[in-house]
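Proteins get letters first, then strands, A, B, ... in listed order; numbering begins at 1 in each. Computed over heavy atoms, backbone and side chain alike; hydrogens, waters and symmetry mates excluded.
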Number of protein chains: 2
Amino acid sequence: MTPEALERSKRWLGQSDLRPTRQRLALASLLVGDGQDRHVTAEGLHEAVLGTGDKVSLATVYNTLRAFCDAGLMQEVTVDGSRSYFDTRMDDHPHFYLEDDSHLTDAPAAELEIKALPSVPEGYEIAKVDVVIRLRKKG
Amino acid sequence: MTPEALERSKRWLGQSDLRPTRQRLALASLLVGDGQDRHVTAEGLHEAVLGTGDKVSLATVYNTLRAFCDAGLMQEVTVDGSRSYFDTRMDDHPHFYLEDDSHLTDAPAAELEIKALPSVPEGYEIAKVDVVIRLRKKG
DNA sequence: CTATGTGCAAATCTTTTGCAGGCTA
DNA sequence: TAGCCTGCAAAAGATTTGCACATAG
């Protein structure tokens, strides 16, 4: 992990009141170390962190992702019933989901224009609008 | 189950090449017996069928819902990572998801207007666009 | 009669939790 | 030092599967 990635990870964690432990910094540097947005599964992030040589248990990866979400640093995206995906980008934006290889990416939000939303039932308000564009390989 | 519901269930099953067994007809009549669209979970449908006095095992409910989807009679909707929802309505339409009580309903499709979709990456095509409007009780 | 379908229990898979020890502030 | 964290193993919950029996065509 570069000094820059470490710095970024600390700043990111610093937005919450979570302690900057070794494990959290290791995970954070993979998530936000280069300033780019990431979409990960717990399993995938666990493999990634092991790949860097750091050792973090799978349970801690799960707990940490959950803690990051609770702290408002990430959000969970539901696209596949069998796995949870976590996104470092916090605003409400559309996703592409590549069904062939179970891969989640951001769709350019600027290009999506929703002209009218269905009217919300009495007594309710919109918490979030999820738009998932499911893609498959052409041909 | 009324004769009408039975008739409707048979016609519905007849669209596929699935055999109209006692269990499938029992489930189908709960799903399409009154001609209305339904959103169910396996667990919920299982309780419902037991409530009518018919006996169908939970495993069979799971297998049957899966079979109905494979046969193109229903579709799975992914709104909650921990449970699968199944929808008898087959066209591409938006959903309301009541987060407080984990309840899924159709949103009036006519009222949703998507003016522009993000441009799809080279070599891919859109399989489906899922729009889930998550609602919470106001106040 | 033969291929399908069903039920049960056990297996699988993802995610959470209890608890003992470790570490941050 | 006190409280938060972590790791492990076990638990939990949803869904699938193997296999023997039942049933539709």
Take the protein atom CG of Leu25(A) and the nucleotide atom P of dA25(C), then report the distance between them rounded to whole Å.
-> 10 Å
Among dG7(C), dA14(D), dG7(D), find the nucleotide with the atom closest to the side chain of Arg22(A).
-> dG7(D)
Asn63(B) CG to dT4(C) P, straight-line distance once rounded to whole Å | 16 Å
Which nucleotide in the list dT17(D), dA25(C), dT6(C) gets nearest to the side chain of Thr64(B)?
-> dT6(C)
Give the nucleotide from the list dT16(D), dT24(C), dC5(D) with an atom nearest to the side chain of Arg24(A).
-> dC5(D)
Ranking dG7(C), dA9(D), dT6(C) by distance to the side chain of Ala59(A), first place goes to dA9(D)
Atom CZ of Phe68(B) and atom C1' of dG5(C) are separated, to the nearest Å, by 12 Å
Nearest whole angstrom, please: distance from the C1' of dG5(C) to the CG of Leu65(B).
-> 15 Å
Hey, does the side chain of Ser57(A) come within less than 4.0 Å of dG7(D)'s phosphate (OP1/OP2), counting only N and O?
-> yes
Could you please name the option among dG7(D), dT15(D), dC5(D) that lies closest to any side-chain atom of Leu18(A)?
-> dC5(D)
Are there any protein N/O atoms within less than 3.5 Å of an N/O atom in nucleotides 19-22 of chain D, and if so, which ones and at what distance?
none

Using atom CZ of Arg83(B) as one end and atom C1' of dT14(C) as the other, report the distance to the nearest whole Å.
-> 15 Å
Selected nucleotide, minimal atom distance to Ser84(B) side chain, candidates dG7(C), dT15(D), dG5(C) = dT15(D)
Is the count of non-hydrogen atoms from other residues, nucleotides or ligands lying under 6.0 Å from Lys10(A) atom NZ greater than 12?
-> no
Ignoring backbone atoms, test whether Thr60(A) places a side-chain nitrogen or oxygen under 4.0 Å from the OP1 or OP2 oxygen of dG7(D).
-> yes
Per atom distances to the Arg19(A) side chain, the nearest of dT15(C), dG5(C), dT24(C) is dT24(C)
Whole-Å distance between dT4(C) C1' and Asp17(B) CG?
-> 11 Å
Against the side chain of Tyr62(B), the closest entry in dT15(D), dG7(D), dC8(C) is dT15(D)
Check the distance between dA10(C)'s P and Leu58(B)'s CG and give it to me in whole angstrom.
-> 16 Å
Nearest heavy-atom neighbours spanning Leu18(B) and Ala71(B) | CD1-CB, 3.9 Å
Of the nucleotides dG7(C), dC5(D), dT15(D), which one has an atom closest to the side chain of Ala42(B)?
-> dT15(D)
State whether Gln23(B) places a side-chain N or O below 4.0 Å from either non-bridging phosphate oxygen (OP1 or OP2) of dG7(C).
-> yes
Are a donor atom and an acceptor atom from the side chains of His95(A) and Asp130(A) found within less than 3.5 Å of each other?
-> no
Quick one: does Arg89(B)'s side chain have a donor or acceptor within less than 3.5 Å of a partner on His39(B)'s backbone?
-> no
Along DNA chain D (nearest heavy atom to each residue), the more 5'-positioned of Arg66(B) and Thr21(B) = Arg66(B)
Give a yes or no on whether the backbone of Val56(A) and the side-chain of His46(A) come within a donor-acceptor separation of less than 3.5 Å.
-> yes
Reference residue Leu135(A); test side chain to side chain contact (heavy atoms under 4.5 Å, CB included); the match among Asp100(A), Leu98(A), Thr105(A) = Leu98(A)
Thr78(B) side-chain N/O to Asp80(A) backbone N/O, donor-acceptor pair under 3.5 Å | no
Spacing between Lys55(A) atom NZ and dG22(C) atom P, to the nearest angstrom = 13 Å
Mark yes or no for whether Arg8(A), through its side chain, and Gly33(A), through its backbone, hold a donor-acceptor pair below 3.5 Å.
-> yes
